[in-house]
Amino acid sequence: MVIGITGATGFVGRHVSALALTQGHEVVAFSRQPTAPVAGAREVRSWSADTPPDLSGLDAVIHLAGASVLGLWTRKKREAIRSSRVLGTRQLVAALHQSPSQSRPTSFVCASAIGFYGNRGDEELTESSAPGTGFLADVTQAWEVEALRAQAAGVRVVCGRIGLVLGSGGGAWPILHTVFRSGLGGRLGSGRQWTSWVHVNDVARLLLTAATHPQWHGVMNVVSPHPVTNTELTRTLAQSLHRPAILPVPAPLLKTLLRDQAGLFLDSQRVTPKVALDHGFTHSFPTLHTAVKNLIGN
Ligand SMILES: NC(=O)c1ccc[n+]([C@@H]2O[C@H](COP(=O)([O-])OP(=O)(O)OC[C@H]3O[C@@H](n4cnc5c(N)ncnc54)[C@H](OP(=O)(O)O)[C@@H]3O)[C@@H](O)[C@H]2O)c1
């Protein structure tokens with residue numbers, strides 16, 4: 001298949017592109033810098049949240065572009081997080097509607113995030129759980145509404161609610177690795193909050209499976225089958241790196257330092273990948289121990 005990937009230059013996008021190539025697909029990357037080459041991509045096309053992209057010749061689209069949620073959430077930052085996703089997805093869906101029906105991409109896989117569920121304590125969350133509240137919950141709901149509008153053009157849509165992605169070369173892992181390897185790691189807040197993590201290889205496999213298999217549609221949680229509490233995350237990292245983790249970071253300190261963004265570390269989301277498991281998907285890295293062992297090995 002010829003697969004268009006927005007955000008192909010990013011952390012997840014690089015892994016999705018690499019796996020697509022090894023599976024024999026061709027990749028057309030979309031970037032705000034279309035003149036810069038993207039490893040392995042047949043072609044790089046222009047991406048902007050203001051104009052519909054050129055989708056000609058594509059069989060499927062995987063949409064990962066969006067401003068990073070890391071950094072202080074100033075008013076400008078919040079606007080960038082929201083508009084890069086909501087308006088960007090609106091343009092992409094407009095382009096799907098405008099494509100001639102006989103050559104329109106047949107599938108559209110849109111990133112979303114488990115931020116959709118908000119802060120939910122010990123509740124076990126599946127794809128059919130109700131949405132939560134808060135900034136990220138609002139953004140992800142609006143983002144998914146835009147994506148699902150592609151169904152009206154006869155396109156198969158899958159929204160992947162991605163958890164905390166662990167992998168080399170981006171996301172949270174390099175920071176976690178550095179902090180824990182220095183012996184400075186520690187429980188955050190009460191440590192009782194759930195982290196629904198996922199290895200980046202499983203993210204790439206899930207997104208590509210959804211893009212290429214007609215039986216996948218609707219929403220899917222892109223997380224491992226074994227979420228952990230922050231206490232367990234801390235213990236696993238410290239033991240795997242043979243370092244102590246005795247410095248807990250109190251919730252009030254995190255809230256003072258990070259303000260609203262502290263929710264990224266203190267909110268609890270115990271998410272199950274029910275749809276993927278029901279489809280018979282087998283994670284390569286089902287437990288945090290296997291994932292961390294692999295990442296340390298890398
Ligand atoms: N990593 C995680 O743990 C995680 C968790 C949940 C959900 N997600 C979601 O998964 C998607 C991919 O995540 P990622 O970690 O790969 O992100 P990333 O490394 O930050 O890459 C995202 C890509 O989006 C493009 N981009 C950046 N700022 C933009 C802006 N203001 N407007 C439009 N495009 C912009 C960039 O591509 P160009 O510079 O080439 O245009 C960038 O390479 C994101 O939508 C993210 O919200 C990620």
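Residue numbers start at 1 and run along the sequence shown. Indexing begins at 1, ligand by ligand and atom by atom, following the structure's order.
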With a 4.0 Å cut-off on heavy atoms, is [X] touching ligand 1?
X	answer
W143	yes
A8	no
R161	no

Subject >> Identified side-chain hydrogen bond (donor to acceptor under 3.5 Å, both in side chains) counterpart of Y117 within the set N221, T126, T140, D267 >> reply: N221
For [X], the ligand 1 atoms whose distance to one of its heavy atoms is below 4.0 Å:
X	value
R85	44 (C), 45 (O), 46 (C), 47 (O)
F11	1 (N), 15 (O), 16 (O), 19 (O)
A65	24 (O), 34 (N)
G10	16 (O), 19 (O), 21 (O), 43 (O)
G7	23 (C)
S112	7 (C)

So for ligand 1, is [X] a polar contact partner (N or O within less than 3.5 Å, distance only)?
X	value
V165	yes
F30	no
T9	yes
L64	yes
Q33	no
I162	no
S31	yes

Establish, from distance only, whether the side-chain atoms of [X] and [Y] form a donor-acceptor pair under 3.5 Å.
X	Y	result
S196	Q269	no
T290	T287	yes
W47	T6	no

**OP:** Might you point out which heavy atoms bring G132 and Q141 nearest each other, and give the distance in Å?
**Re:**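 G132 and Q141 have their closest heavy atoms at O-NE2, 3.3 Å.
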Write out the residue and atom name of the closest protein heavy atom to [atom], then the distance separating them to 0.1 Å.
atom	answer
atom 24 (O) of ligand 1	G66 N, 3.1 Å
atom 31 (N) of ligand 1	A67 CB, 3.5 Å
atom 13 (O) of ligand 1	V12 CG2, 3.9 Å
atom 36 (C) of ligand 1	R32 NH2, 3.6 Å
atom 32 (N) of ligand 1	S84 CB, 3.4 Å

Original post:
Under 3.5 Å, is there a donor-acceptor pair between the side chain of R187 and the main chain of I246?
Top reply: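 It does not hold such a pair.
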Subject >> Backbone of V228 reached by a side-chain donor or acceptor of R270 within 3.5 Å >> reply: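 Checked: no pair found.
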Subject >> Cation-pi geometry met for R161 and F116 (6.0 Å, 45°) >> reply: yes
Original post:
Taking the six-membered ring of F135, is NZ or CZ of R78 closer than 6.0 Å to its centre and within 45° of its axis?
Top reply: yes
Subject >> Same apolar cluster: L21 and I62, side chain cutoff 4.5 Å >> reply: yes
Original post:
Is L288 reachable from L164 through a run of hydrophobic residues whose side-chain heavy atoms are each under 4.5 Å from the next?
Top reply: yes
Subject >> Option whose closest heavy atom lies nearest to atom 5 (C) of ligand 1, chosen from G170, G163, G171, A113 >> reply: G163
Original post:
Can you tell if the side chain of T272 reaches within under 4.5 Å of the side chain of L125, non-hydrogen atoms only?
Top reply: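 No. Closest side-chain heavy atoms not under 4.5 Å.
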Subject >> K77 atom NZ, over 12 foreign heavy atoms within 6.0 Å >> reply: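 More than 12 heavy atoms, drawn from other residues, nucleotides or ligands, come within 6.0 Å of this atom.
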Original post:
For atom 17 (O) of ligand 1, is the nearest protein heavy atom under 4.0 Å away?
Top reply: no
Original post:
Taking the six-membered ring for Trp, is the centroid-to-centroid distance between W173 and H199 below 6.0 Å?
Top reply: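 Distance test on ring centres: not under 6.0 Å, no.
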